[in-house]
Each structure stands twice: as C-alpha cells, then as structure tokens.
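The structure presented is a predicted model; accordingly, all values stated were derived computationally and were not measured. Per chain, numbering begins at 1; letters A, B, ... match sequence-line order.
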Amino acid sequence: MNKLQQAIAMLHEVDSEAGRSGDRSRIHPAARLFVNVLFILLTVSFHKYNMMGLLSMGLYLLITGIWEELSFLKGLKRIRYILFLIALLGMANLFFDRNIIFQFGSMNITGGMISMATLFIKGVFTVYAAYFLLMETGIEGSCAALGSFGIPKGGVTVVLLTYRYLILLLKEVQRMLQAYQLRAPGQKGIHIRAWGSFVGLLLLRTMERGKDVYDSMLLRGYGGEGLWKEAGSRQISSGLSVVYAAAWTLALGALRVFPVFQIAGSLFG
Amino acid sequence: MAEIEVSHLTFSYDGKRDVLSDMSFRIGEGETVGLIGANGTGKSTLLKLLVGLLSDHQGSILADGVKVDKKSLETVRRKIGYVFQDSDSQLFLSTVYEDVAFGPRNYGYSGEEVEKRVMEALGQVHMEEYRDRQIYRLSGGQKKLASIATILSMEPKILLFDEPSIALDPRNRRQLIHILKEMKGLKLIASHDLDLVLDTCQRTILIAGGSIVFDGNTRDILTDEKLLRENGLELPLSLSRST
Ligand SMILES: Nc1ncnc2c1ncn2[C@@H]1O[C@H](COP(=O)(O)OP(=O)(O)OP(=O)(O)O)[C@@H](O)[C@H]1O
Ligand SMILES: [Mg+2]
C-alpha cells in the first residue's frame, strides 16, 4: 500500500470504529463535546513554564482512553503527521526564548526548551482530545453536538462536508495518480511540469464530485439539517450525560487549579 | 396520478448552444420508458431537468401535476427518485444502513418507520445482508444496488435511472432487470444497454440533436437498424444475433 491508500484506509477505519462504544454511547455527544472543549481550553491556558501542571491534565486523556478502550498507540499512528507539524512550530521557541531557567548537570535549560516542550504537550493533548471525541461519537455525533451548542447549521454542515470531502479528495488524487503513472512508467512521482494541470484538474474533479454528492443529498430531502442526526437508535441517558459532564468539570477544574502531582508527591514522600 | 408531462422544453448550459430544443412528451402512470441516444445527446441533462437539478429552462415540466420550478422543488423531489450514473456520487455516509436511512430520516419518519423502510428497500435489491457493511467495502455492483435502495426507501412515485446497468456483472445485471420489472411506479431509464431497455421498457424515446427522433414501441425502434445507425446506435445484441 502506498501512503495515499494508507490515508484513505485510515479515514475509513476511523469512520467504522467511531461512535460504537456500547453502553458508554449513552452519554450525549454534547456532554462529550463540552468536556473535551473544556479540557482543551484549560490545557492551553497553562503557563508556558508550568510543565508539571500541564502534565497532570494528561490524566483526563489516560482515563478516557482506558474507559473508552481506545488505543493510544493506534491514535498516535493516526495523528503523527499533525504532531510532526506542531513539533516544527514549537522549535521556533528555541530561538526566541534563551533565558536560562535552571541547570541540569552541566546543561543549561533555557526557557525556550521548556516552552517548546509545553507547547508540544499542549498540541499533543489537544489533538488527542479531538481524536478521542471523533472516536467516541463519530463525525455525525460530533456534528450533532456542535449543532446543539447553537453553532449555525450551515457551519456544522461545512464541518461534516469538509470531513467527507477529504475522503473524496484523497480518492480522486489516487485515481489521477494511477492514471498518470500507468502512462509514465518508471517515473517516480509526478513530473514538475505536470503539477499545475494536475492540481487544477484535481480541484475541478473533486468540486464536480462534491456537487454531485450534494445534489444527491438535496434530492433525498436534505434541507440543511438533520444530516448529523444520531446514527441508529442509540439510547441517550440524560442523567448519565449530566453526571459525566459535571464530574469531569470538577475534576478538570481541580487539575487546573491544584498542583496535583506535587500534592501527591508530598503525601507519599 | 403520477405522470410526467414535458412541453416545448428547451435548455442550454451556456446560453448559446441548445442541448435540448423544443422537446415534448408525456409519460403516463405506471409506464416504464427507455431513453436512448448516443453519447452527449442530453439524456442525463433531461433527467436532471426533471428533478430540478438544472434550472432556467424554457417550456414546462409537470411532475405528478406539479410544475417543476424553483419554488416547487421540495414537493417535486418527494415524488421523484433519481439514481445517479455514478454510485460514488449517491453514497456518502459510512454504512449501507445509514445511507439508505438518510432520505427517510430527512422526511422526519419515526425510528421504527425508518428501519422498516430501510429493510424493505434493501430487500427489494436483495442486499439485506449488507446492511451494516461499510460502503467502501462494497464492489461496484453492490454499490449500484445500494444506491438504488437509497432511493427506494423514500418510496417515490416516479423513478429516474441514469445508466443503471453500468458496472454490473452479468448476474447482477440480470438481477437489476428483474428488480426493475418488479418495481411499481413510473420509470424513466436512460441507458446505452439496449438489451436492458428491450427487456424492461414497453416504450422508448430516442433523442438526437436535442430533439426526439422516435417515441414509440421499444421493439419497433430497436429492430430498426437503419434508424439506430443514423443516430449513432447499434442493434441490441439479442436482436442482432437472431436476425
Ligand atoms: N455541466 C455542463 N456544462 C456544459 N455543458 C454540459 C454540461 N454537462 C453536459 N454538457 C453538454 O451537454 C450535452 C449533453 O450531455 P449529457 O450528459 O446530458 O449527455 P448524455 O446523453 O447523458 O451522454 P452520455 O450517454 O455520455 O451519458 C453534451 O454535449 C455535453 O457536452
Ligand atoms: Mg449521461
């Protein structure tokens, strides 16, 4: 399998695994979205040198991952390119912030190093949270949640269609790449001179396809809503959802305010 | 009284060259009609006009007594089901069930009713066992049958098919023919598969150069080698062998 096929297969895999978590699925997607957004906001709000506090937020991901039986490793494989990008961005900190914070043996640890690390961790946590949300509720469920928080339907539809469009785009790239390579044997990749027309054609073709898909939705009574209605006949328990959201709000708040690791350390130390 | 009435229909994509010009015909309730013609003669264009995917035409289109225009789209689309030439355009949700349920859900049916309609539709195309299958794991032919089911679940009075037998192997093609024959309601089938048209349609409309060249008994047109050739078509295999 080449990279492209892998990417397509991965999106399909996420699609098929997502939103099928048995009893746990009785929690309303909105409660999950709320907790995840809260988590992200609190995580991002940590000071750039507060590494320990930040790490304690990871407890949320740890517990969620275990409870939902989501594999961290599989997740890591899926989001690795995004993480790579974040790491690149974080590097800039090395150059801007050269204050020496403390010394580790003979090594000077600068503020830049710490803030690079915290930025990276924030990135990892945020992406993991988003990924978990997707896996917990599925794309349709996530959209339902967005909708129930008053995000305009048009906006939610854009999110959903973008997600679907991504798959179309990748498939189209694959189709065109195959057609190209069959007629340019022994050539690796696409010749630089063909790039312009390749990209242009790709956009046209996916837009055309996108329009057909949208037409077929309209023809089936789609009126800008309901697209992200709950899959199947999922039983939602509002009690459980409220408890879930409330418990995590308290827990995340505590993690944010108290230096949990230090307290734990002083208890045992 | 589900019927289609087209009168003096003229349409152009660019405002310069008419793809369809001054076309008139009427299809009565329960009729199954074939729509044939060489590539680029406007078959798909005509079907899209009928469901209002293309607008700004001249002349009038009545579907089940309702004039097709921007205001009536919702009403019209409840009456007409349209099966796309390319199944990948039709299917966009993750599983077969989800996709077939999409239409009924949009129309606000209860969970039970949706389930019932989905299973009935899948039963009609013999795809029950694929209900929870991921769409991307279906073969081309299975996708075609699934996409037909997405339309059947809405129980439209009028069905439009664009190249329904494309991508089907002989067995699935036979099954499709069987399904088409079983199906009630008005059907308009655009196809290059003249044998399929011969098998399923009493009546056939042949278009060329933007207008109707022939409208009548299927057997009459499909045995008229001269007329077919003049319009870029050939005798169906089943007939060319026997003559
Ligand atoms: N979106 C478009 N914009 C401009 N012209 C178009 C468009 N779609 C189709 N046409 C033109 O309109 C004419 C009719 O096309 P149409 O797709 O309806 O033909 P068809 O009978 O369905 O052909 P086929 O048998 O190949 O499916 C063709 O000449 C085509 O080039
Ligand atoms: Mg066509």
- Message: Measuring from atom OG of A/S216 to atom CG of B/D86, what distance do you get when rounded to the nearest 0.5 angstrom?
- Response: 10.5 Å
- Task: Please flag which part of B/S147 lies under 4.5 Å from any non-hydrogen atom of chain A: side chain, backbone, both or neither.
- Result: neither
More than 12 heavy atoms from other groups under 6.0 Å of [atom1] on [X]:
X: B/E74; atom1: CD; value: no
X: B/E182; atom1: CD; value: yes
X: B/K67; atom1: NZ; value: yes

- So do B/V51 and A/L219 actually touch side chain to side chain, heavy atoms under 4.5 Å? yes
- So, the side chain of A/R220 versus the backbone of B/M154: is there a donor-acceptor pair under 3.5 Å, distance only? no
- Message: Among B/D88, B/L91, B/I151, which residue has the highest count of heavy-atom pairs closer than 4.5 Å to chain A?
- Response: B/D88
- Message: Determine whether B/Y82 and A/D215 satisfy the following criterion, side chain to side chain contact (heavy atoms under 4.5 Å, CB included), listing intermediate values before the conclusion.
- Response: CA-CA 10 Å; B/Y82 177 88; A/D215 279 348; over 6 Å; no
- Item | Taking every non-hydrogen atom, the tightest pair across A/G221 and B/N106 | O-CB, 3.4 Å
